[in-house]
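Okay, structure first, notes after.
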Amino acid sequence: MSETLVEMPLEPVGVPRGRAMVERASWAARSFAQFDIESVRLIAEAAALAGEAHAREFAEQAVAETGFGVAEHKVLKNVACSIGIWNAYESHDYASPTVLEDQKIVEIPRPAGVVLALTPSTNPVATVYFKIMLSLLTRNAIIISPHPYAKDVCSRAAYVMRDAAVAAGAPDGVIQVVEEPSIPLISALMTNERVDVIIATGGTPMVRSAYRSGNPAIGVGPGNVPVFIDKSADLAAAAKRLIDSKSFDNSILCTNESVLIVETGTAGQLLAELRKSGSYILEPAEVGEVRDLLFPGGHFDTAWVGKSAVKIAEAAGVKVAKGTKVLIAPIDLAVPEEPLAHEKLCPVLAMVTVASAERAIEVARAVLRITGRGHSAAIHSQDAAITMRYASSLPVLRVSVNVGNSLGSAGIETALAPTMTIGTGFFGGSSVGENLQPKHLINKTRIAYNLSDSVHMPDFAQLNPWSAPASSIPPYPLASNLEGAPVLVTRSVPADISTRDDLRDEIRRLVIEELQQIIKG
Amino acid sequence: MNSEVSARGPYDYGAFFFSSKAEVLEKAKTYWNPGKTQFWIDSGVPLVIDRREEYFLYDMTGKRLIDTHLNGGTYNLGHRNPEVVQSVTTAMQHFDIGNHHFPALARTALAEAMIASAPEGLSKVIYGSGGGEAVDIAIKTARHATQKRKIVSIVKAYHGHTGLAVSTGDERFSQLFLSDNPEEFPSVPFNNLEAMEDALRGRDVAAVIMETIPATYGFPLPAPGYLLAVKKLCEEYGALYIADEVQTGLMRTGELWAITKEGINPDIMVSGKGISGGLYPIAVVVVAEQAAGWLTEDGFGHISTFGGAELGCIAALKTLEICSRDETRSMVHYLSDFIGEGLRRIQADYPDWFVGIRQNGLVIGLEFNDPQGAKYVMRHLYENGVWAIFSSLDPQVLQFKPGLLLKPEVAEELLDRTSVAIGRARDEVESLRGAR
């Protein structure tokens with residue numbers, strides 16, 4: 001009987017295996033760091049194509065496994081995060097050295113090494129694809145730790161890209177995924193000294209524990225997006241864009257709009273357009289019912305994440321037309337004690353009516369005081385001066401204009417870097433203040449020559465320290481007396497000098513009760 | 001354990017204490033083995049192991065060594081591997097050695113796991129407490145199955161020091177104790193198929209026993225196809241093939257059992273050393289059904305109080321699981337490539353001295369251009385913080401066995417230190433030759 005075995009307080013299940021994964025990744029990273037740009041491009045393209053080929057299959061599986069979202073919209077995200085990322089960066093080079101003649105400097109890109117990527121349940125496959133693509137473009141090895149709600153589809157998605165990448169020449173171990181994530185395993189991975197950077201996309205507690213882990217970390221902050229439609233806006237276009245954005249994947253992108261701010265002069269006409277675009281404006285009593293449903297006891301009930309407007313209306317006892325995409329809840333003030341002014345990862349949009357653009361900016365600031373600093377805001381306007389005042393007054397790092405914020409701030413319908421990870425910068429306590437992109441996963445070694453004219457910098461143009469891998473990495477260990485076994489080396493091979501930090505003096509303790517919320521996040 | 005606060009001095013280990021390393025060496029000579037003790041002092045490797053962790057050994061003086069000997073693979077997973085320690089310590093809450101007569105929980109679990117992981121065709125597991133005993137069991141099993149006595153082995157083979165095993169191995173260890181018995185234990189040169197066939201021709205051979213890569217002889221590599229040809233000869237002449245995987249098993253060559261890399265399904269396979277996890281002695285013999293007769297006819301035929309001790313089985317289960325992981329296999333492949341490349345670069349620096357590298361995965365022998373070459377290298381390695389042993393049956397060759405889980409930066413450091421040691425050994429030998 002196993003119950004007679006006394007449990008000693010030693011390592012929890014899965015933790016040693018997690019350590020083994022990090023070790024394997026560190027070998028892969030060492031090899032990958034030597035690859036040249038041509039080899040990298042072959043690998044990245046192969047992975048992108050493989051991801052795209054499975055975009056629909058995984059979109060449907062994600063909805064089935066998590067129980068929320070809209071498959072059609074997830075297909076779009078999956079394609080954007082596979083072939084879309086490849087297209088965006090195929091002409092970029094995060095590997096080859098660059099010579100800056102005038103400064104007498106040579107810059108050599110160096111990958112971070114082992115990337116630990118925590119991925120959410122909201123954009124499960126899209127984030128997995130996205131982070132893998134970024135890692136492959138920058139010669140990093142990645143370990144995916146998926147949200148438990150989406151672990152099966154995320155594992156499958158990661159393996160599809162892995163197999164394509166390795167077939168195209170990537171080193172073994174370049175992509176791994178934790179098939180059975182658990183809190184002890186995730187914390188052990190985060191604090192593992194051999195992890196070079198953590199990218200944490202998920203709820204605040206998870207992001208905070210990543211920052212406290214002692215390893216470099218890039219985290220996201222939550223959004224609480226104010227969207228201002230001013231009187232100069234093309235109201236019909238604005239309404240359609242807003243409703244489409246808010247209902248995109250049932251509002252589970254963190255860039256989805258949270259509080260609509262309208263001016264009294266154009267409110268009536270705008271509401272008509274909003275109705276035409278598929279929204280239902282809640283009556284005062286109905287607002288209360290929806291508020292109670294979504295925020296029992298004042299906290300958002302995560303059971304409603306990504307659920308459709310129709311389902312929410314039904315549960316709240318509100319009659320709406322069958323094709324209703326968004327419920328609009330008029331509120332008086334954007335204050336912390338009004339739950340509907342908080343982030344809602346579902347197609348319910350709060351609405352505040354104001355007398356002027358200046359008041360609108362104040363309300364937007366109020367919305368961001370509740371949460372969402374550093375994240376994003378949206379405006380629909382033809383007035384550049386108002387747009388400038390809006391953007392420079394708000395503590396956010398991206399303001400989308402005349403476009404749905406869901407995809408706009410994520411760089412899918414604007415020229416912002418396409419991303420699934422929104423860096424919220426100093427405003428939001430994040431180490432990155434822009435959309436996560438490949439450059440965030442590399443550093444550069446800079447060779448700097450004496451500027452004095454008496455020192456001449458020779459020609460570095462033809463000097464490339466990287467090369468294409470000779471064979472599959474690692475090669476199969478053949479006995480040295482067999483044909484095909486490696487032979488005596490006469491050329492000198494550059495050694496990869498990786499320095500490790502000194503052992504940290506103490507292990508940071510994780511706040512376990514905050515981690516419990518990972519499941520909710 | 002080494003508490004400066006202890007009244008009994010800095011070398012207080014709780015159960016016992018010593019006042020100095022010199023005292024340990026003196027008493028080792030008085031009470032234990034004067035020959036061995038003095039040999040190591042004379043060889044420049046006066047090692048008394050104190051702390052041990054990962055792949056590091058610490059001499060009593062505090063000197064750190066990268067362990068590249070690993071006791072023949074006993075420490076494949078490192079010293080006091082935390083997972084194995086946890087397994088065995090937890091098991092001690094419930095298990096002890098067990099009663100060897102009875103079917104047992106841990107023995108059955110390990111037997112099932114061994115058969116699942118073993119080469120095809122093997123179906124039963126027999127337990128010993130050490131490699132020598134396991135070889136004896138293998139020989140006895142083969143003799144019973146074939147009703148023949150002769151056991152053919154390789155010249156300079158090494159299969160352990162118990163009764164039958166020591167007779168099988170090289171005469172260096174058998175003659176001393178009047179255990180040599182060339183009538184029943186003929187040996188043939190390695191890589192020589194004619195001699196092997198001659199030895200089998202009389203159809204009076206119970207088994208050929210073969211280390212997949214002879215270890216104590218310095219890891220000479222089997223010629224391509226040699227082992228498979230031996231297996232075919234065995235089949236032709238009615239002998240069994242015993243694969244001694246004590247050193248080559250458990251993923252050391254990049255597959256769980258090196259014999260499978262040769263395309264061979266042996267009749268009997270022996271595993272020891274590493275399968276203990278470095279913590280609890282255990283050895284196993286895995287046999288094919290056609291050789292396993294005595295287990296049914298006379299189950300008490302071989303008895304071993306400590307063989308298959310339940311605590312040992314638990315250490316072995318964890319060891320087998322770790323060695324079988326995808327991650328481990330991947331790392332062994334990476335490390336084999338990295339170490340091989342690094343050694344070849346060193347060889348390019350000293351081509352007249354460092355004349356050969358014999359490598360199959362992480363089974364590596366380094367050949368030096370002097371009959372005692374490896375002893376010089378061993379001493380300089382020790383001075384430079386690496387512990388590696390010369391091959392007793394061919395002192396030209398140094399055994400070089402990095403751990404399976406060795407981290408890349410330690411591997412890099414190992415190569416740096418090895419390069420320096422090889423260079424210094426070369427200089428020393430050259431100056432000695434010049435002085436003659």
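We use all heavy atoms of the structure for the numbers below, so side chains are in, but hydrogens, waters and symmetry mates are not. Convention: sequence-line order gives letters A, B, ...; per-chain numbering from 1. Computed from a predicted model, the values in this text were never measured in an experiment.
- A distance of 7.0 Å separates CG in B:D337 from OG in A:S471, rounded to the nearest 0.5 Å.
- Chosen from B:L335, B:V332, B:L362, the residue pairing most often with chain A at heavy-atom distances under 4.5 Å is B:L335.
- For a residue to count as touching a neighbouring chain, one of its non-hydrogen atoms must lie under 4.5 Å from one of that chain's; by this rule A:E483 does not touch chain B.
- Contact detail for B:E255 and A:Y476: the closest heavy-atom pair is OE2-OH, 2.7 Å.
- For a residue to count as touching a neighbouring chain, one of its non-hydrogen atoms must lie under 4.5 Å from one of that chain's; by this rule B:Q359 touches chain A with backbone and side chain alike.
- Panel note: side chain B:Q86, backbone A:E11; a donor-acceptor pair is recorded below 3.5 Å.
- Distance alone, capped at 3.5 Å, places no donor-acceptor pair between the A:N481 side chain and the B:R358 backbone.
- Counting heavy atoms of neighbouring residues, nucleotides and ligands inside a 6.0 Å radius, atom CD of B:E112 does not exceed 12 of them.
- Judged by the 6.0 Å and 45° rule, A:R30 forms no cation-pi pair with B:Y334.
- Contact annotation for B:T253: only backbone heavy atoms (N, CA, C, O) come within less than 4.5 Å of a heavy atom of chain A.
- Ranking B:S330, B:P82, B:P224 against chain A, the residue ahead of the rest is B:S330, based on heavy-atom pairs under 4.5 Å.
- For B:I357, the part lying near chain A is the backbone, with the side chain staying farther off; criterion is any non-hydrogen pair under 4.5 Å.
- Using a 4.5 Å cut-off between heavy atoms, B:L406 contacts chain A through its backbone alone, with no side-chain atom that close.
- For B:A258, no part lies near chain A; criterion is any non-hydrogen pair under 4.5 Å.
- The two residues A:R24 and B:D326 make their nearest non-hydrogen contact at NH1-CB, 3.8 Å.
- A pairwise comparison of heavy atoms in B:E327 and A:M21 identifies OE2-CG, 3.6 Å as the closest pair.
- The number of heavy atoms from other shown groups lying within 6.0 Å of CG (B:D349) is above 12.
- Atom CZ of residue A:R19 and atom CG of residue B:L405 lie 10.5 Å apart, to the nearest 0.5 angstrom.
- Across all non-hydrogen atoms, the minimal contact from A:P474 to B:H333 is CG-CB, 3.5 Å.
- For A:A25, no part lies near chain B; criterion is any non-hydrogen pair under 4.5 Å.
- Distance alone, capped at 3.5 Å, is enough to place a donor-acceptor pair between the B:K261 side chain and the A:P477 backbone.
- Interatomic distance, A:R194 CZ to B:E409 CD, rounded to the nearest 0.5 Å: 4.0 Å.
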